[in-house]
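One is the number of the first residue; the rest follow in order along the sequence.
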Amino acid sequence: MRETYRYLTDIFTTLVDLNWRCSLFVFVMAYAVTWLFFGAIWYLIAYCRGDLDHLEDETWTPCVNNVNGFISAFLFSIETETTIGYGHRVITDQCPVGTMLLLLQAILGSMVNAFMVGCMFVKISQPNKRAETLVFSRNAVISLRDDRLCLMFRVGDLRSSHIVGANMRAKLIKSKQTQEGEFIPLDQTDISVGFETGDDRLFLVSPLVISHEIDSRSPFWEMSQAQLEKDDFEIVVILEGMVEATGMTCQARSSYLAEEVLWGHRFSPMMSLAEGFFDVDYGAFHHTFEVDTPSCSARELSLAAARLEAHLYWSISSRLDEEKWDGPNLTEHSEKQPSSGSANGKGGVGPTFTLGETTESQDQSGQGEQNGSVATDQSESEA
């Protein structure tokens with residue numbers, strides 16, 4: 001960045017963002033330089049007025065009593081700026097220049113104190129160290145949850161004081177190229193961790209497993225196990241909340257590279273029920289174990305489930321159609337037998353059949369039944 005002057009326009013934030021070594025160096029140098037600067041001016045005033053030439057003259061009224069060199073002038077500068085006031089060195093009323101310098105040093109000294117003490121106070125009270133006790137699992141895992149592929153990672157709080165209003169966000173950082181040919185090196189895509197349902201708002205009294213369901217809106221919808229091993233991306237997870245003790249906002253971040261995402265794994269349980277309370281074993285916080293997980297993508301898994309559901313639906317409907325067609329034929333056949341018998345009884349003459357005609361009628365009825373069954377099968381296949 002060439003416009004480095006922008007850092008100086010916000011010098012307070014620049015000093016707060018410095019590391020501790022640089023911050024302590026700036027803190028010490030700010031006081032030392034001001035003490036030396038005003039000590040040199042006090043020495044010049046004494047030298048120009050001739051106070052150093054009349055050290056033994058009791059009738060001479062110096063600008064500052066008991067200033068006989070640069071060291072004594074430097075000590076007087078320290079006493080003035082820090083308002084110590086030992087009483088041995090004191091300014092007299094015969095030096096208007098010294099009076100103006102005294103006012104200037106008192107004002108500038110107060111400003112330096114406010115600025116440097118404010119920087120150190122903000123730097124000390126920053127909640128960055130609070131984020132050190134918010135831990136994320138070493139790996140993320142992908143496995144089935146309720147017959148759906150899910151990306152999961154674990155988060156926990158080591159302190160007994162809770163994070164108030166904690167919420168979780170996740171981003172996928174991956175290079176991509178648009179349809180127009182534009183290359184975006186670090187494209188950021190939101191990963192849903194329950195924003196629609198409110199599951200992203202956490203109550204971290206115990207370690208939680210954060211789950212991202214891989215559905216059609218997920219960026220991992222078409223990613224399989226083989227593609228995961230070849231892909232290059234980074235998942236950034238962000239936990240934000242307010243520190244209960246100080247009321248300041250805290251943010252903890254972690255990330256998972258493609259090789260840190262384990263396919264077909266699940267987190268080991270780490271909570272056990274003791275006598276009246278739950279015992280949390282943080283020794284198993286990062287542990288995972290393998291489970292049976294399909295290696296296909298969530299899209300392929302969804303299509304396979306849809307095919308299976310459609311096959312079950314049509315097989316059940318075809319059976320119902322067979323029962324519907326077979327039921328009335330049996331009823332009509334049973335009704336026709338007594339009617340023909342009663343008609344023969346009324347006429348008093350029994351029916352005469354020839355063997356050839358009976359065989360032909362039976363063949364025709366058999367062919368009709370076969371044709372009916374074939375038509376039924378064709379209708380079912382077309383359906």
Backbone of [Y] reached by a side-chain donor or acceptor of [X] within 3.5 Å:
X: K123; Y: V16; result: yes
X: T133; Y: R130; result: yes
X: S175; Y: P185; result: yes

Any chance the side chains of [X] and [Y] put a donor and an acceptor closer than 3.5 Å?
X: S218; Y: D215; result: no
X: T82; Y: Y31; result: no
X: S77; Y: E81; result: no
X: S143; Y: H265; result: no
X: Q94; Y: T61; result: no

Any idea which heavy atoms bring [X] and [Y] closest together, and the distance?
X: A140; Y: L151; result: CB-CD1, 4.1 Å
X: F195; Y: D200; result: CD1-OD2, 3.6 Å
X: L52; Y: N68; result: CD2-C, 3.7 Å
X: F285; Y: S137; result: CE2-N, 3.5 Å
X: H162; Y: D157; result: CA-OD2, 4.1 Å
X: N139; Y: E260; result: ND2-O, 3.2 Å

Verdict with reasoning, F76 to N66, per side-chain contact (heavy atoms from CB on, under 4.5 Å): CA-CA 9 Å; F76 178 72; N66 301 312; over 6 Å; no

What's the separation between atom [atom1] in [X] and atom [atom2] in [Y], rounded to the nearest 0.5 Å?
X: I163; Y: C250; atom1: CD1; atom2: SG; answer: 5.0 Å
X: L303; Y: L308; atom1: CG; atom2: CG; answer: 12.5 Å
X: T99; Y: L104; atom1: OG1; atom2: CG; answer: 12.5 Å
X: E229; Y: E259; atom1: CD; atom2: CD; answer: 11.5 Å
X: E213; Y: F220; atom1: CD; atom2: CZ; answer: 14.0 Å
X: D93; Y: C63; atom1: CG; atom2: SG; answer: 10.5 Å

Within one Ile-Leu-Val-Met-Phe-Trp-Tyr cluster: [X] and [Y], side-chain cutoff 4.5 Å:
X: F37; Y: I91; answer: yes
X: L18; Y: F12; answer: yes
X: V237; Y: L208; answer: yes
X: L158; Y: L204; answer: no
X: W263; Y: F267; answer: no

Test salt bridge (Lys or Arg N to Asp or Glu O under 4.0 Å) applied to D231 and K174, step by step: CA-CA 10 Å; D231 213 340; K174 182 181 179 181; 3.0 Å; yes

Looking at side-chain heavy atoms only, is the closest gap between [X] and [Y] below 4.5 Å?
X: L75; Y: R89; value: yes
X: V155; Y: M168; value: yes
X: I124; Y: W20; value: yes
X: M270; Y: H287; value: no
X: S254; Y: I238; value: no
X: K171; Y: T189; value: no
X: I210; Y: L202; value: yes
X: D51; Y: V67; value: no

Passing candidate, side chain to side chain contact (heavy atoms under 4.5 Å, CB included) with I142, options M223, H212, M152: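 Of M223, H212, M152, side chain to side chain contact (heavy atoms under 4.5 Å, CB included) with I142 is met by M223 alone.
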
Worked verdict on L239 versus Q251 for side-chain contact (heavy atoms from CB on, under 4.5 Å): CA-CA 6 Å; L239 175 63; Q251 184 181 93; over 6 Å; no

Parallel, tilted or perpendicular: rings of Y47 and Y43 (30°, 60°):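 Correct class here is parallel.
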
Aromatic ring pairing F153/F136, orientation class (parallel under 30°, perpendicular over 60°, tilted between):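 Rings of F153 and F136: tilted, 30 to 60°.
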
Does [X] have more than 12 heavy atoms from other residues, nucleotides or ligands lying within 6.0 Å of its [atom1]?
X: Y282; atom1: OH; answer: yes
X: D292; atom1: CG; answer: no
X: N19; atom1: CG; answer: yes
X: M111; atom1: CE; answer: no
X: F183; atom1: CZ; answer: yes

Derivation and outcome, side-chain contact (heavy atoms from CB on, under 4.5 Å), residues S272 and F278: CA-CA 6 Å; S272 59; F278 284 97; over 6 Å; no

From CA spacing to verdict: side chain to side chain donor-acceptor pair (under 3.5 Å), E234, S255: CA-CA 7 Å; E234 184 175 4; S255 67; 2.8 Å; yes

Check against side-chain contact (heavy atoms from CB on, under 4.5 Å), I173 and V236: CA-CA 7 Å; I173 300 179; V236 178; 3.6 Å; yes

Side chain to side chain donor-acceptor pair (under 3.5 Å) assessment of T13 paired with D10: CA-CA 6 Å; T13 306; D10 189 12; 2.8 Å; yes

